[in-house]
Amino acid sequence: MPLKHATTLVKSLCARGAVRHARAVFDEMPDRDVVAWTAMLSGYASGGCHREALDVFRRMLAAAVVPNEFTLSSVLTACRGGGGGGGDAASIHAIAVRRGVDHMPYVVNALVDAYASRGGGDGLVDARRLFEALGEGRTAASWTSMIAGYARWGQEITGLQLFLQDDAELSPFACSIAIHACASVGNLYFGQQIHLLSIRKALGANLAVANSLVDMYCMCESILEARRLFDEMPERNLVTWNTIIAGSSRHDPLMAMQLLVDMDLEPNCLTLTSITSACAGLAALKCGQQVHGAILRRNYGDDLKVSNALVDMYSKCGSIFNAKKVFNMIACKDILSWTSMIGGYGMNGYANEAIELFNSMVHAGVPPDHVVFMGLISACSHAGLVDEGWNLFRSMLSEYNIQPNKAIYGCVTNLLAHAGRLSEAFNLIDTMPLTADESVWGALLGACKMHKNVELGRLAARKIIEINPDAVKTYILLANIYAADSKWGEYAVTRRLLRATGSSKEVGMSCIEVTHKMYSFSTADSSSPQVSLADEVLQILVQHMDEAGNDFVVNISRVA
DNA sequence: GTAATGGACA
């Protein structure tokens, strides 16, 4: 068979996925030129067989066949993302330099991509150097390789700055990568810049770009802006719906439920996961059970993320029995499964069960993290298990080699202070190796209000106001501490300071589900007839509790 | 007769 025909055969066999047969033909070829070698190499590379592609390349060099630009582009695709090891990109770079790389723009772009996807400090620096040297020769692919490389290796901001240069060449792909980078670091400012850029370059019509923008606004907690974009989109697919539903399930669960009703596509597993957490946010048990039914009917019951969301939903709805039932059915539990269940026990007052489950988790070989300890220590705090909580806190460093963070210190402060051990709590803050923030001092202040400790309360409030002069809640708490101690002069001063901040505390809303309907209300709300009815019922309950004696009251307040 | 670079959005 003539050499040309055999090469064509190798190529077409590779294109059909019959790489092994292609290799058999290739091995039978008596003399192989650079085109034949490249055909075989590219067959491996484009089929994802990076190791084999690099092996063919090495054999080719050993056979003293000189690679051309076709060969080099092909072999570089096998060096991407560490698939064949970054060292190969450098050696191929060296060959390319000897062959006159300046005349091979495709090879330079492939090098930029190989270096950028290898990442690390050197990889990105090397990629950037080549990228800069390209000058006018840069194409949309060069920009995408760079920004994807930066985004992938945690240098999103550097990538975005590069992207915002005037001469950046935008493609929908590059644009959506850039927007995703803004979303993952939560940088609204850059996100808006790229949004403007995408409007100027008429890329907004691209569905992936628009979807990324909706996601970016959700991740930057601009849910209303995300919703506005969503409403304006002429075309929406399942990803669009899932993006806005996932975003609103975190910030506006009622909106997520409404979106599900409006959705004109069949919801999938991801949709229902978000809806489950929306139900958790609303503490809507009936709704959550219906969603659970929908999940089972669609055979999504084995999905790990769905199951974890269900455990969390049942826990937050107070249905710990159902939470445990779902948890027990999870075949391969991950750290989120354990955290949800441990947190579920904790928030429902079952601190001992939470600790027991934590021990099972450690026994199962799952290393605990900060979040698990947050759940555990706050469980102990709610249940008044101060010593247990303290021992868990101590074991973080001594047994699990986890350095407690500020959130943990806040939690332990709360544990001690809540139980009335205010000076120990203060001592902890005073000696902690991190700078106490608003939440840590806030935990102390809250407990000072509860235990009517004016001295420490004043101190904690002063610390918080130093950190954040607009901490409205702090002034109110401090004023209440003074009021409880009949210190009316200081009370008046604090109220005046509060007015001086010029802000008002946003009204806390609560929701409750009664016979399949959701009711929302706030304190001192007299707008709806249901509230006055609820007030009457509450009065009767309080009366019953008084008659039942103090023990009963204590139990109720622990549950509430 | 050989390569065609970037591959995102839940």
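A, B, ... follow the sequence lines: proteins, then strands. Residue 1 opens every chain.
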Rounded to the Å, how far apart are [X] [atom1] and [N] [atom2]?
| X | N | atom1 | atom2 | result |
| --- | --- | --- | --- | --- |
| L238(A) | dC9(B) | CG | P | 15 Å |
| L72(A) | dA3(B) | CG | C1' | 10 Å |
| Y150(A) | dG6(B) | OH | P | 17 Å |
| M216(A) | dA10(B) | CE | P | 13 Å |
| E69(A) | dT2(B) | CD | P | 14 Å |
| H180(A) | dA10(B) | NE2 | P | 6 Å |
| D215(A) | dA10(B) | CG | C1' | 7 Å |
| I245(A) | dC9(B) | CD1 | P | 18 Å |

Nearest to the side chain of [X], heavy atoms from C-beta on, is which of [options]?
| X | options | result |
| --- | --- | --- |
| V35(A) | dC9(B), dA3(B), dG1(B) | dG1(B) |
| S171(A) | dC9(B), dG6(B), dG1(B) | dG6(B) |
| F70(A) | dG7(B), dT2(B), dC9(B) | dT2(B) |
| T8(A) | dG6(B), dG1(B), dA3(B) | dG1(B) |
| A39(A) | dG6(B), dA3(B), dT2(B) | dT2(B) |
| T144(A) | dG1(B), dA3(B), dG6(B) | dG6(B) |
| N68(A) | dA3(B), dC9(B), dT2(B) | dT2(B) |

Charged N to carboxylate O under 4.0 angstrom, E266(A) versus R298(A)?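 Salt bridge present between E266(A) and R298(A).
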
Between R228(A) and D231(A), is the closest basic N to carboxylate O distance under 4.0 Å?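 No, no charged N to carboxylate O under 4.0 Å.
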
Just call it for [X]: base, sugar-phosphate, or nothing, with non-hydrogen atoms closer than 4.0 Å on any strand.
| X | answer |
| --- | --- |
| S142(A) | nothing |
| N268(A) | base |
| L3(A) | base |
| A148(A) | sugar-phosphate |
| T38(A) | base |
| A140(A) | base |

For this output row, return yes or no: ring centroids of W37(A) and F57(A) closer than 6.0 angstrom.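 Centroid distance W37(A)-F57(A): not below 6.0 Å, so no.
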
Strictly under 6.0 Å, is that where the ring centroids of W338(A) and F358(A) end up?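 Between F358(A) and W338(A), which both carry aromatic rings, the centre distance is not below 6.0 Å.
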
Intermediate values then yes/no, ring-ring contact (aromatic ring centres under 6.0 Å, His included), F373(A) and Y400(A): CA-CA 11 Å; F373(A) 277 103; Y400(A) 303 103; 5.8 Å; yes

Would you please confirm or rule out a distance under 4.0 Å between OP1 or OP2 of dG1(B) and any side-chain N or O of K11(A)?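 So the side chain of K11(A) is outside the cut-off, no N or O lying under 4.0 Å from OP1 or OP2 of dG1(B).
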
Any side-chain N or O of S42(A) less than 4.0 Å from the OP1 or OP2 oxygen of dA3(B)?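 For dA3(B), OP1 or OP2 has a side-chain N or O of S42(A) closer than 4.0 Å.
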
Counting distance alone, no hydrogens or angles: does the base of dG6(B) have a donor or acceptor under 3.5 Å from a partner atom on the side chain of N109(A)?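 By the distance-only test, no, there is no pair.
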
So does T7(A) reach the base of dG1(B) with its side chain, donor to acceptor, closer than 3.5 Å?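 A donor-acceptor contact between them is present.
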
Return the set of residues passing side chain to side chain donor-acceptor pair (under 3.5 Å) with D312(A) (not counting sequence neighbours), or none when no residue passes.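 Applying side chain to side chain donor-acceptor pair (under 3.5 Å) to D312(A) gives K316(A).
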
